[in-house]
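These notes are about the structure you will find just below.
For the numbers below, each heavy atom of this structure counts, side chains included, while hydrogens, waters and symmetry mates do not. In the text below, chain A, chain B and the rest are named by the order of the sequence lines, each starting its count at 1.
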Amino acid sequence: MKTPKPISPFRLSSLLRLQKDPNLALKLFQNPNPQHPKAHKPFRYSLLSYDLIVTKLGRVKMFDQMEQILQQMKQETRFDPPEILFCNVISFYGRARLPHRAVQMFDQMPSFRCQRTVKSFNSLLDALRRCGELPKVREIFMGMENYVNPDACTYNILIKACCVNGSLDDAWVVFDEMRRKGVRPNVVTFGTLIYGLCVDSRLKEAFKLKEDMKRIYGVKPNAFVYTSLIKGLCKIGELSLAFRLKEEMVTNKIELDAAVYSTLINALFKVGRKGEVSGNLEEMSVYGCKPDTVTYNAVINGFCKEKDFEAAFRILDEMVKNNCKPDIISYNVIIGGLCKEGKWIEANDLFEDLPRRGCSPDVVSYRTIFDGFCSWRRFKEAIFILEEMVFKGYGPYSASANKLLVGLCEEGNVEDLWKALNCLVNAKENVVDLDTWGLVISIVCKMDKLSNAFNLVDTLSALNAVN
DNA sequence: TCGAGACTCT
């Protein structure tokens, strides 16, 4: 058999682009020519292939492997890596809540022969904002003017930080400073401010700003601005005004997107107008926007609230058919709905089927199914789940844990009570309230030998140590 | 994926 031709650096990039599995992509990158072991000169990796593999690894949080590739890239002398690559790495760390590593990457950039502009500063600011490191955001912003000129993006990040923090007044201070420094606010600036106002239910001000942005600043509102306003109107039950706003988008030739419809569909279900949902879904295709996972999730949620699980499962099938992958939220909604109705067998079936469906349960899935078992007094099943979730580092809702303990006390089931307590000791935070403790102690003392009461004291001190 | 949103659980 003929040995295949060795892979060229150019070909490696296209193969990396096609490879969806990050582990396989990494293997491919590390050993592009398994058929030609060491017979050739060192492989001349292109900058593009570095960029592709770093992005792939960063997206799935394979940070150790990503750092290794970065070190390898540092040794390359044939090119200087572009700033955007590091901006991406910084933002991966921000999304993964690893502020230290974001700062580290920023600090190391010069050693990669890469100059830092306002873009890297912005990436770092946003990463720190996501991690809630607001004092650090402030500190870096104060210092950055010695190196670069803050741009609109910089101020937008600061405004966002204020809005998320619930301090809209501070957001206005930043907005004023932005204008004083001669930086023109753009559509993101206004979008962020309007979003903040809507979340705070200050709709009057939000609508005024929408007018001002056009009239005074010459910035046209976009779909993002409209969605915030529509959501704000839905929240106060003004659905007809919300729909009128959607019509205004059509009149003003602002492209409708799935988010607008997800918001409206969610609101329709909430006020019991589910009959209008399918009409809206049809209208979406008229405007050329396809429902996405969030839209479908809103529909699934609506059906579950109506206890129409058949319809909910039908939507799951429809998603698959329309090439729209259900995510963990889609499943959590159904599992939660089933649990609420006492259909814990069906809920557990779906829960256990998650891996086969290509979705791993998250902390919400565990808490939901655990609460379902506790509410319907399926204590054996609950303890089984509790063991698994604590092992994974997830903790239950406090109310569910208390339901379990109280239930076991009522049943006088000291053995299972013991098991549950041992699990809860290993949970990250103390979720058992004082009244429940009192009950547990009195039951154990009454039911069991004194020795267990001593053990219980040990358990209690272990919990206190955790606290 | 240098900056903004819509869907689940508290």
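The distance between atom NZ of K270(A) and atom C1' of dC7(B), rounded to the nearest whole Å, is 9 Å. In this entry the distance linking CG of L354(A) with P of dT8(B) reads 18 Å, nearest Å. What separates CE of M249(A) from P of dA6(B) is a distance of 15 Å, to the nearest Å. Between the CG atom of L268(A) and the C1' atom of dC7(B) there is a distance of 14 Å, rounded to whole Å. Atoms OH (Y195(A)) and P (dA4(B)) sit 11 Å apart, rounded to a whole Å. To the nearest angstrom, P of dG5(B) lies 18 Å from CG of L245(A). Per the geometry, CG belonging to L158(A) stands 13 Å off C1' belonging to dC2(B), to the nearest Å. Counting to the nearest Å, the P atom of dT8(B) and the CD1 atom of I315(A) are 15 Å from each other.
The one candidate from T293(A), N332(A), N297(A) that meets the side chain to side chain donor-acceptor pair (under 3.5 Å) condition with D327(A) is N297(A). None of F86(A), F121(A), F112(A) except one satisfies the ring-ring contact (aromatic ring centres under 6.0 Å, His included) rule with F106(A); the exception is F121(A).
Looking at heavy-atom distances under 4.0 Å, I84(A) makes contact with sugar-phosphate atoms alone, never a base. Within 4.0 Å of T227(A), counting heavy atoms only, lies at least one base atom of the nucleic acid. D362(A) comes within 4.0 angstrom of no nucleic acid atom, judged by non-hydrogen atoms across all strands. Nucleic acid contact for F92(A): base, since at least one base atom lies under 4.0 Å from a heavy atom of the residue. Across all strands, A223(A) comes closer than 4.0 Å to base atoms (heavy-atom distances). The residue K56(A) sits apart from the nucleic acid: no heavy atom pair falls under 4.0 Å. Note on D327(A): nothing from the nucleic acid sits closer than 4.0 angstrom, heavy atoms only. Residue N186(A) is in base contact, counting any heavy-atom pair closer than 4.0 Å across all strands shown.
Separation of the P atoms belonging to dG5(B) and dT1(B) is 12 Å when rounded to the nearest angstrom. A gap of 25 Å separates the P atoms of dC2(B) and dC7(B), to the nearest Å.
Dashed line: the shortest gap from a side-chain N or O of R95(A) to OP1 or OP2 of dC2(B) is not under 4.0 Å. Of the side-chain N and O atoms in R129(A), one or more sit less than 4.0 angstrom from OP1 or OP2 of dA4(B). An OP1 or OP2 oxygen of dG5(B) is reached within less than 4.0 angstrom by a side-chain nitrogen or oxygen of K160(A). In this model, the phosphate group of dA4(B) is approached by a side-chain N or O of R130(A) to a distance below 4.0 Å at OP1 or OP2. Applying the 4.0 Å criterion to OP1 and OP2 of dG3(B), one finds that K119(A) has every side-chain N and O outside that range.
Distance from the side chain of N301(A) is smallest to dT8(B) among dT8(B), dT1(B), dC2(B). Side-chain proximity of A152(A) to the nucleotides dC7(B), dT8(B), dG3(B) is greatest for dG3(B). Closest approach to the S91(A) side chain among dA4(B), dC7(B), dT1(B) is made by dT1(B) (side chain taken as heavy atoms from C-beta onward). Nearest nucleotide to the side chain of N156(A), out of dG5(B), dG3(B), dC7(B): dG3(B). Between dT8(B), dC7(B), dC2(B), one nucleotide has an atom nearer to the side chain of N297(A) than all others, and that is dC7(B). Comparing dA4(B), dC2(B), dG5(B) against the side chain of C153(A) picks out dC2(B) as the nearest.
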Legend entry - Candidate pair E248(A) and Y226(A), rule side-chain hydrogen bond (donor to acceptor under 3.5 Å, both in side chains), full reasoning: CA-CA 9 Å; E248(A) 187 183 304; Y226(A) 275 94; 2.6 Å; yes
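Side-chain atoms of N186(A) come within 3.5 Å of backbone N or O of V188(A) as a donor-acceptor pair.
Taking the six-membered ring for Trp and thresholds of 30 and 60 degrees, F303(A) and F269(A) have ring planes more than 60 degrees apart, a perpendicular arrangement. Ring orientation note: the planes of F63(A) and Y93(A) are tilted relative to one another, at an angle of 30° to 60°. The aromatic rings of Y366(A) and Y394(A) sit tilted relative to each other, their planes meeting at an angle between 30° and 60°.
No hydrogens or angles were tested; on distance alone, a donor-acceptor pair under 3.5 Å links the side chain of Y397(A) to the base of dC9(B). Between the side chain of N222(A) and the base of dA4(B) there is at least one donor-acceptor pair of N/O atoms closer than 3.5 Å. At a cut-off of 3.5 angstrom, the base of dT8(B) holds at least one donor-acceptor pair with the side chain of N332(A).
Judged by centroid separation below 5.5 Å and plane tilt below 30°, F224(A) does not stack onto the base of dG5(B).
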